[in-house]
Protein chains: 2
Amino acid sequence: MKMNTTTLICNKKGTVIINMSKSFSFIDDYLAYLLARSSHLVSEQFHRQIQDQGWSTNYWRILASLSDEDGLTLTQLNQRVLFKQPTLSKLVVKMESEKLLKRHQDDADKRAVKITISPKGRTLIADLLAQAKAHEKKVLADYSEEQQQLLKAMLRRLVVHLQD
Amino acid sequence: MKMNTTTLICNKKGTVIINMSKSFSFIDDYLAYLLARSSHLVSEQFHRQIQDQGWSTNYWRILASLSDEDGLTLTQLNQRVLFKQPTLSKLVVKMESEKLLKRHQDDADKRAVKITISPKGRTLIADLLAQAKAHEKKVLADYSEEQQQLLKAMLRRLVVHLQD
DNA sequence: CATTTTTATATGAAAATGAATACAACTACT
DNA sequence: AGTAGTTGTATTCATTTTCATATAAAAATG
């Protein structure tokens, strides 16, 4: 029996059975494309939602990263938001001018700029975080808890693997 | 016993056991971030590699998409490359001027522009595809065939799920 | 230490991007 | 057919991004 589709079955325990097929086109079998595409699709709606409220997705990324770990250096923050350094530099200055962030000189290293969230930024990010969680819930509505954890665990593993 | 890491074990048959932990920071438990981050990490090196050869990553994306299915409409191509329409319009004109592509009027729909790869484009994409495959092989070197298929199958499933 | 190298951030000019819009061609409806 | 709405692409212009580089501080080196 020849399969020309891939079946992926996840049971309650996270066990997975796949029926493989060799008949994918290049991009549908190319990891980088699958990641780019799924990343795009997952974020698309939520980004529009943010923009409809007058915020840029860059602001969201920056604030979300800081919400986990406030007081990061520009470089540290940049490792999380995945921008180019000049891009982040300018964004952070702009966000400071809008009272969402504060930039402080780092005492330990006078070159470094430490970035903290302001009260206004905190209010905003609390709101956006709640929206993000709600959106993710919708995106993963058809996935069982185990399937969600499996997907995330595989991605985390990939990230760790690629970062070393 | 309290776990503060997630263990993901994939056996030869693609069976997966995960030990879950509740102690992730927001972004490390946020699907959109995990996808964006892994996407970025997977493509990073390869994109530099392309740029070092004097090509833009946009050219790579466009040609790779056309390599699967030549003669796409601008809109169809855009669904694959995930750009904004004006961005792709301009890129395609530029690439035509560099003799990598050809733009034809679609007979069935005179508004539409069909885009095909030129011989020069074919030579280039053949080279880049080989490099891309080699790069992916390196990226996934530590993954068994089954693990690779599992990862890709899950992403394909997510893509299909989000596209409906 | 003085010197070289590396690291952290900023900046300016140039390029890329995208929102808004225009326009032409197609579709659906009456 | 005629009209209204939709779709496919191009273009404009304001904004954003980035390359290249500058600068200052740290680290490494001899």
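Labels below follow one simple rule: chain letters A, B, ... track the order of the sequence lines, proteins then strands, and each chain is numbered from 1.
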B:Arg111 (side chain) and D:dT7 (base): donor-acceptor pair under 3.5 Å =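 Yes.
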With a 3.5 Å cut-off and no angle check, do the side chains of A:Gln148 and A:Ser144 form a donor-acceptor pair?
->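 No, because no side-chain N or O of A:Gln148 sits under 3.5 Å from a partner of the opposite role on A:Ser144.
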Tell me yes or no: between the side chains of B:Gln49 and B:Gln45, is some donor less than 3.5 Å from an acceptor?
-> no
Please report the C-alpha distance between B:Asp28 and B:Ser25 in whole Å, then the side-chain angles of each, then the deciding distance to 0.1 Å, and finally whether the side-chain hydrogen bond (donor to acceptor under 3.5 Å, both in side chains) criterion is met.
-> CA-CA 5 Å; B:Asp28 288 332; B:Ser25 65; 3.2 Å; yes
Taking atom NZ of B:Lys120 as the centre, report whether more than 12 heavy atoms of other residues, nucleotides or ligands fall under 6.0 Å from it.
-> yes
More than 12 heavy atoms of other groups within 6.0 Å of A:Lys114 NZ |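 Not buried by this count: 12 neighbours or fewer within 6.0 Å.
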Using the six-membered ring of [Y], assess whether NZ or CZ of [X] lies under 6.0 Å from its centre and within 45 degrees of the ring axis.
{"X": "A:Arg157", "Y": "B:Tyr143", "value": "yes"}
{"X": "A:Arg37", "Y": "A:Tyr30", "value": "no"}
{"X": "A:Arg61", "Y": "A:Phe83", "value": "no"}

Hey, can you pull the residues of residues 80-110 of chain A with a non-hydrogen atom under 4.0 angstrom from DNA chain D?
->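 Heavy-atom cutoff 4.0 Å gives A:Lys84, A:Pro86, A:Thr87, A:Lys90, A:Lys94, A:Ala108, A:Asp109, A:Lys110.
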Which residues, if any, of residues 43-79 of chain A bring a heavy atom under 4.0 Å of DNA chain D?
-> A:Asn58
State yes or no: do B:Leu129 and B:Val42 share one hydrophobic cluster built from I, L, V, M, F, W and Y residues joined by side-chain heavy-atom distances below 4.5 Å, directly or via other members?
->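 Shared cluster, no.
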Honestly curious: do B:Val139 and B:Phe46 fall in one hydrophobic cluster under the side-chain, below-4.5 Å linking rule?
-> no
Going 5' to 3' along DNA chain C, which nucleotides are the first and last within contact of chain A (any atom under 4.0 Å from a heavy atom)?
->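 First-to-last contact on DNA chain C, by the 4.0 Å heavy-atom rule, is C:dT7 to C:dA13.
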